Protein chains: 2
Amino acid sequence: MTIRLMIADDQAMVRAGFAALLNAQSDIEVVADAEDGEAAVAAARLHHPDLVLMDVRMPRMDGLEAARRILATSDGAHLTRILMLTTFDVDDYVYEALRLGASGFLLKDAPPEDLITAVRVVASGEALLAPSVTRRLIEEFFARPTEPVRTSMLESLTARETEVLRLVARGMSNTDIAAHLVVSVQTVKTHVGKIFAKLGLRDRAQAVICAYESGLVTAGDPR
Amino acid sequence: MTIRLMIADDQAMVRAGFAALLNAQSDIEVVADAEDGEAAVAAARLHHPDLVLMDVRMPRMDGLEAARRILATSDGAHLTRILMLTTFDVDDYVYEALRLGASGFLLKDAPPEDLITAVRVVASGEALLAPSVTRRLIEEFFARPTEPVRTSMLESLTARETEVLRLVARGMSNTDIAAHLVVSVQTVKTHVGKIFAKLGLRDRAQAVICAYESGLVTAGDPR
DNA sequence: CGGTGTCTCACCCCTGGGTGTGAGAGACAG
DNA sequence: CTGTCTCTCACACCCAGGGGTGAGACACCG
């Protein structure tokens with residue numbers, strides 16, 4: 001099955017070059033092109049391509065906004081994937097594009113065979129990034145220290161205390177916790193007190209902070 | 001400058017195959033190999049390769065642990081990069097490996113030229129992932145909504161209230177906040193009370209949670 | 001000019017929560 | 001078997017914090 005492709009780039013020469021290169025592949029067919037973001041959105045709505053090669057910088061409407069609209073208007077049946085292209089390696093664009101749902105991000109100076117490979121990969125539902133982009137993405141998210149320091153704070157806590165702290169970090173009152181653990185409120189108070197003493201806290205508010213900072217609980221995790 | 005490479009895999013045939021393939025490249029030299037994790041750590045300590053091709057599954061010590069140790073013992077001068085390999089596409093391994101600091105993750109069924117490319121890319125300091133892995137990584141991190149829902153909760157707060165909430169989320173007592181903002185404790189109580197009313201909170205502990213969940217404050221940010 | 005919103009502050013009430021002390025039961029190691 | 005640790009609970013103290021009501025000072029806007 002051939003890959004139905006669209007090219008959105010403001011430079012005619014680039015469009016022609018990419019089209020020639022990709023049309024030469026037996027499994028790729030360039031079905032449309034556009035010279036700005038608005039035209040890209042309109043053309044995508046008309047031709048429903050499998051994949052759009054989208055330049056980031058374009059007049060009238062940039063590639064990011066165009067990508068957003070194309071992805072937004074994709075009716076469940078035919079989903080169009082986006083492969084972003086950029087001349088420069090500007091990472092602001094990268095994160096924004098990936099967040100929007102783009103499936104890939106390549107630099108224009110990549111060798112032609114890489115582009116062809118990328119088209120096939122993205123069209124198959126996988127994703128592909130330029131190596132430098134990959135590195136940044138990984139760094140960005142895993143740069144967050146594995147906090148050996150932080151979890152060490154919690155090492156002094158017993159299993160039960162950790163459990164109580166987790167409940168405190170969910171916003172429960174002592175009474176709530178007592179009910180939840182089926183123990184008396186006094187017991188909960190004892191646990192909470194020992195947690196404070198061990199971790200040098202004063203408030204249950206500070207305990208919540210500690211739980212988040214230590215990674216015991218995380219923003220966005222199942223409540 | 002040639003890339004000094006090490007291969008860690010428990011299957012001798014795989015080691016031989018990779019070595020032959022890579023040694024055939026003029027810019028790559030296989031300087032060591034290892035058949036298990038422990039041997040890999042020892043060999044890396046001895047040869048200081050630029051790059052280690054590391055199989056995930058190995059006897060005695062798995063590739064993840066070996067990677068962790070090699071990365072941990074890298075003295076600032078000679079840093080060794082890790083390219084993880086796996087036969088199966090098990091994503092638990094992927095996240096763990098990348099979190100540890102691996103620079104890439106490939107499936108063994110990738111075409112040989114991809115492996116060679118990956119070696120050069122990773123050795124150059126960039127990163128490279130198998131397409132399916134890339135897709136998952138992107139999904140994993142951008143699937144979490146940029147929380148238009150969450151920040152919208154905070155929209156009802158005035159600038160001053162937001163400021164107070166931020167201080168609450170740092171673990172400050174009302175008295176602390178009053179001193180910090182140079183207002184009376186009563187004023188702080190009023191603000192805090194209105195925050196609770198607007199956000200439907202009961203505790204300052206819950207306020208801290210709200211601050212983290214909304215992204216007003218983030219784990220690991222400057223205290 | 002009057003209405004609205006924000007920031008400020010005060011007084012009162014009272015419960016929840018943080019603190020201290022003490023202690024019994026069960027598990028486990030030496 | 002004795003010491004240590006953990007989990008459990010109780011009584012008591014006290015105050016920071018949450019809740020209600022009201023109000024003065026600005027600023028902004030129609």
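All of these numbers come straight from a predicted model, not from anything done at the bench. By convention in this document, chain letters (A, B, ...) are assigned in the order of the sequence lines, proteins followed by strands, and residues within each chain are numbered from 1. Heavy atoms only: backbone and side chains are in, while hydrogens, waters and symmetry mates are out.
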For [X] and [N], what is the distance between atoms [atom1] and [atom2] respectively, to the nearest whole Å?
X      : N      : atom1 : atom2 : value
B:D176 : D:dA16 : CG    : C1'   : 11 Å
A:L201 : D:dA16 : CG    : P     : 19 Å
A:Q206 : D:dA16 : CD    : P     : 15 Å
A:E161 : D:dC5  : CD    : P     : 13 Å
A:I177 : D:dC7  : CD1   : P     : 15 Å

Practice problem: Give the minimum heavy-atom separation between B:P49 and B:V31, together with the two atoms involved. | Solution: CB-CG2, 4.3 Å

Looking at [Y] and [X], is there a salt bridge between them, counting it only when a charged N and a carboxylate O are closer than 4.0 Å?
X      : Y      : answer
A:D50  : A:R81  : no
A:R68  : A:D62  : no
B:D36  : B:R57  : no
B:R15  : B:D10  : no
B:E163 : B:R166 : no

Exercise. Identify which one of B:D9, B:L22, B:V122, B:V30 satisfies the side-chain contact (heavy atoms from CB on, under 4.5 Å) criterion when paired with B:L53.
Key: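 So the option named by the test is B:L22.
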
Quiz item: Under the criterion salt bridge (charged side-chain N to carboxylate O under 4.0 Å, His left out), which of B:R45, B:R69, B:R60 is the partner of B:E38?
Solution: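 Per the salt bridge (charged side-chain N to carboxylate O under 4.0 Å, His left out) rule, the option paired with B:E38 is B:R60, out of B:R45, B:R69, B:R60.
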
Quiz item: In residues 179-191 of chain B, what residues come within less than 4.0 Å of DNA chain C, judged by heavy atoms?
Solution: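 Correct list: B:V183, B:S184, B:Q186, B:T187, B:T190, B:H191.
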
Quiz item: For the helix from C:dC1-D:dG30 to C:dG30-D:dC1, how many degrees between its two end axes (five pairs per end), to the nearest 10°?
Solution: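 About 50°, once rounded to a multiple of 10°.
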
Quiz item: Can a side chain N or O of B:R202 be found less than 4.0 Å away from OP1 or OP2 on D:dG18?
Solution: no

Practice problem: Indicate yes or no for a side-chain donor-acceptor contact from B:Q206 to the backbone of B:L201 under 3.5 Å, with no hydrogens or angles considered. | Solution: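 Checking the backbone N and O of B:L201 against the side chain of B:Q206, no donor-acceptor pair under 3.5 Å is found.
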
Exercise. For DNA chain C, note the earliest and the latest nucleotide, 5' to 3', having some atom under 4.0 Å of a heavy atom belonging to chain A.
Key: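 Answer, 5' to 3': C:dG17 to C:dT19.
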
Self-check item: Pair A:T187-A:T190, side chain to side chain donor-acceptor pair (under 3.5 Å): steps then yes or no
Solution: CA-CA 5 Å; A:T187 302; A:T190 309; 5.7 Å; no

